[in-house]
Structures are given as structure tokens and as C-alpha cells.
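Since the structure is predicted, the reported quantities are computational estimates derived from the model, not experimental observations.
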Amino acid sequence: MSEDFNGTDFGEEKAGNLVVKGDMSIEGDTTKDAAHDVEKDSTHDIKADLDVSAIHTSIEKSQSILLSSNVTAAYVNHLETGLRSTFTFENGLNGEFYVPTSLKDAQAHYILSSADNAPLIYRINYAKSSFARDKVSIRMDLDLTHVDEKNTTYKNSDKKLYGENGVMENFNHDDTETEHGSTYDTSTFGNLKQLITSSAKKISLMLKGVLFHSATGNSTTTETDTETKTTTQGSIKGTLVGYMKADVGYSTVKGNVSYVWGAMQDADGKDVNAADDRVMLTTQFTEVTPKNNPSAPETPSTPETPSTPNTAGTERSSGKSGNSGSSRSSGRSNTSNMSSVPDSLDTSNSPDTPNTLNISNVPGSLDTSSDPNVHASSVTHGKDNQAMSAVTTSKTVKSPQTGDASHPYVWFLSMIVSAGMCGGSILHLKKKNNR
């Protein structure tokens, strides 16, 4: 504070009370404790909270330094006042602010409102604001349309200000006697102070549809057995400047006043990465990359032990069944069972046949060509050989056994005839020898 204000109410005020305070938040998070997590290419709304109590205090305390007497009646003219706010991407944040295409579109995405229910005396001048993808500059000018009706503070004047029927005093007039004559009791410092101190001290500026692409600042990488996690951060920086200037005079004393308020970060919501009093908001992106670790192979299951293959021929029956000529057993076994094979061929149903036939003295071989059912091999093998042959045939022969099993009587008669012929031959030989 300058020494020029010593001894005045303004000089006694603490410097912190004359500074506008600001804070930004995203979805209610002021990022005081940690950066706010956002996803890649996601859209969010940003709110800037502004405490303009310093403007109120400055105007109120200035009364003691303007004029020593009857300061409320001092004439105020050529007033210029307003707020200017800018927003940019900082610290490696890649994003986009919303760019409106019409006045209505701008009014829907950039909104100024009162945060303490008191009337606003500023409005966004959309025509003089600028909107770009990387930077937004918002101009807020004096607006008296929402001010409640008030009485003038000028002594002995009954004029009404604002409201539906009051004078819309804006403290900006021509330098003519006529103009001064009609506004000397309304365009006064007393009425300006009343206007400022009754308006909203806390206001909010909403930026809707801000797009967050990615960030490169404060990169941190951590790894586990299954993934790699990388976090990056970036910030939005906000600034606010309030100003007011005007010509002031009373009687023959004239001068001018000028105020400039710069916003500082509100200590209660100071960003986690803020190194000074700048108003900022930090966001964080997290990218998780799975590691391509090959999965462990599954342990193969133990294969079932294969059954022992059946020995060929062991499942064939030795008898005959129906008209098939040979039959197979109805079931299969894992091991061969030879105990059911007979030691010798059952010939109980066969006609009696001599065990041996001595034809050593018979000249030539026996002629049996006249009997088609008799084979030479059937009479030259002994009984034991027949049994072995039967067993062997049971094991290996796959075709039906020879012989006409469908005419047993014919076969039986043939055997009798053969036996008779053999007997006749033997008797003939004995008679010849006896001679």
C-alpha cells in the first residue's frame, strides 16, 4: 500500500482484502489434494469461482480519500468498469475449448451467474469476447438490468434508480450543462458506491464442453508383472482482471480515479501443482498397457490305458449256429481264453471208423471216385491228427468248415457204403491168399 493513503480508511485496509480471488474446479473438484482424473478425448465443464469482494472494499474505502466533505454528492462521469478473464492450456495439456457458432450457442456454453444470490452488475459481452480452441477471452461489462430499485443518495432528491420505473444511471454522460443539470443528483459517487456494494460479491463463470485430449507433463510410469501404467498431467490456467476508472468532481474540484484488481488463487482451493498464486487446474490422464506375457501351458491330462487287443480267432465259437456256417461270441474279452478249446474233436456222432487202415498189400490206391462226398484226405489221417486239425481249424480258419451239414443222412449212407466196399476188398484178398 502506498504511503499516499496513510491516514485514510483505504490505507488502513489489508492488502489481501483489496485483491480479487479466484479458483477453478472440474466436477466440483478444486484439485487441491490431487490432479483430477480424466479420460482421453473426454468432455468436461470447468467452473471459475470469482470473489470480487475486493472491488466492493476498494470503492467503499475510497470515500475517505476522494473529497474531504460531501463526498457522496461528488459527480461521477465517464465511468469504465468491467472484468476480463482468459483461459489457456498449460503444462503440456492438449485440449480444446468450445467454439460457439452463434450468439445462442455462446450463451449456452459460457455462462456468468451470481453465487451469493445478490444481483449481478456485469454481463458477458459475447460480441467483444473471443473464442478459440486454445484460448478463450471473456469480456464482462457493466449491466444494470438486474439491479433492484434504489433511492438516490443525493440529499433533497426523491428520484428512483433502476427497477422498472427508475432512472437507469450508468455514470456516463456528455459534458454539457444540459446533461449535467439532469444527472447531477443521480450520477454521484454515493449512488455508485451503493450500486457496487449491493451487487454480488461472488460470481461464477462456467465453461461448458471443454475437450481433453491428452497431456505430456509430469509423466510417471509404474510397472507390475501384468501391466505398465503411465500417468501424465496438464493444466488449465485462468486469469481475471477487474478495473474501474472515472472522472470525479465537486464544485470547482475535479480529478479522476482508477482501480485495477488482479485475481490471485484462493488459498482454500489452491491447485496441488501450483507453485505460486496463479489460478490453475490440473488434470491427469492414465494409460494402462497390458504386458504380453505368454500364459503357462495347461498340463495335459493322462491318457486312458488302451485295452489289450483281442487275439484273432479266440472269439470264434467252435460250433455251428443256424445257417451262418460259423458263429462269433456275443462279447469281447481283453485277454485270450484258450481253456474252452477241446483237446480232441468230438466224433461221437460220427459213424464208427477203424483207427488205422492197413493197405500196404493193396495194389494201387482205393478208388472212391464214384462217391463225390468222400475225400482221400479224410481217410488217410488218423484220429489224433483229425483232433489236432479240428483244433487248428477252430483257431485259424475264417471260412465255414467243408461238408454238407444240411444232408446228414446222405453223408451217413455214404460212409456205410465206403465201409462195405473196404470190407469186401479185405475178404476178397483173404480168399485169394487161401488159395
Side-chain angles (χ1 to χ4, degrees), residues 1-2 4-22 50-85 112 114-123 139-155 157 161-162 166-173 183-203 240-250 253-264:
M1 183 71 65
S2 173
D4 295 338
F5 300 111
N6 288 343
T8 66
D9 293 341
F10 193 84
E12 296 297 326
E13 196 67 39
K14 294 181 179 179
N17 294 335
L18 300 175
V19 177
V20 173
K21 296 180 177 64
L50 306 171
D51 185 347
V52 296
S53 299
I55 297 177
H56 293 226
T57 303
S58 298
I59 298 300
E60 185 177 6
K61 298 300 181 180
S62 295
Q63 177 175 314
S64 63
I65 63 174
L66 292 176
L67 296 170
S68 59
S69 64
N70 203 16
V71 65
T72 57
Y75 191 72
V76 177
N77 198 13
H78 305 142
L79 176 67
E80 295 179 22
T81 184
L83 303 173
R84 303 290 183 265
S85 188
L112 181 68
S114 170
D116 59 6
N117 296 322
L120 283 173
I121 62 171
Y122 297 101
R123 66 172 176 82
R139 176 170 174 168
M140 293 161 276
D141 293 336
L142 185 67
D143 179 25
L144 304 174
T145 57
H146 301 291
V147 180
D148 297 332
E149 183 180 274
K150 300 182 185 305
N151 294 320
T152 181
T153 61
Y154 196 85
K155 189 178 180 179
S157 176
L161 304 176
Y162 313 116
V167 176
M168 299 301 290
E169 182 57 65
N170 63 2
F171 309 96
N172 204 327
H173 308 286
T183 60
Y184 75 93
D185 56 352
T186 58
S187 186
T188 64
F189 180 80
N191 287 335
L192 177 62
K193 184 181 77 169
Q194 178 181 238
L195 174 68
I196 297 293
T197 57
S198 63
S199 67
K201 294 181 179 180
K202 294 184 178 181
I203 60 179
L240 175 70
V241 175
Y243 68 95
M244 181 181 292
K245 64 180 182 178
D247 294 332
V248 180
Y250 181 76
V253 179
K254 295 181 180 180
N256 56 70
V257 293
S258 179
Y259 303 88
V260 176
W261 300 274
M264 298 175 59

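- Scored by the ring-ring contact (aromatic ring centres under 6.0 Å, His included) test, Y122 finds no partners at all (sequence neighbours excluded).
- Residues passing the ring-ring contact (aromatic ring centres under 6.0 Å, His included) test with Y184 are Y154, sequence neighbours excluded.
- Under the 3.5 Å distance criterion, the side-chain polar atoms of T153 are matched with a main-chain donor or acceptor of N191.
- Residues meeting the salt bridge (Lys or Arg N to Asp or Glu O under 4.0 Å) test with K245, sequence neighbours left out: E80.
- When atom types are taken as modelled, the side chain of S85 and the backbone of L240 share no donor-acceptor pair closer than 3.5 angstrom.
- For the pair N77 (side chain) and D247 (backbone), a donor-acceptor distance under 3.5 Å is absent.
- With a 6.0 Å radius and a threshold of 12 heavy atoms from other residues, nucleotides or ligands, K202 has its NZ atom at or below the threshold.
- When all heavy atoms are compared, the tightest approach of N170 to L142 is O-CD2, 4.4 Å.
- Judged purely by distance below 3.5 Å, without hydrogens or angles, the side chains of E169 and T186 pair a donor atom with an acceptor atom.
- T81 places a side-chain N or O within donor-acceptor distance of the main-chain N or O of Y243, the cut-off being under 3.5 Å.
- Residue T197 comes nearest to Q194 through the heavy atom pair OG1-O, 3.6 Å, listed as atom of the first residue, atom of the second, then distance.
- Although no hydrogens or angles enter the test, the distance criterion places a donor-acceptor pair under 3.5 Å between the side chain of R84 and the main chain of M140.
- The nearest pair of heavy atoms linking A200 to D116 is CB-OD1, 3.4 Å.
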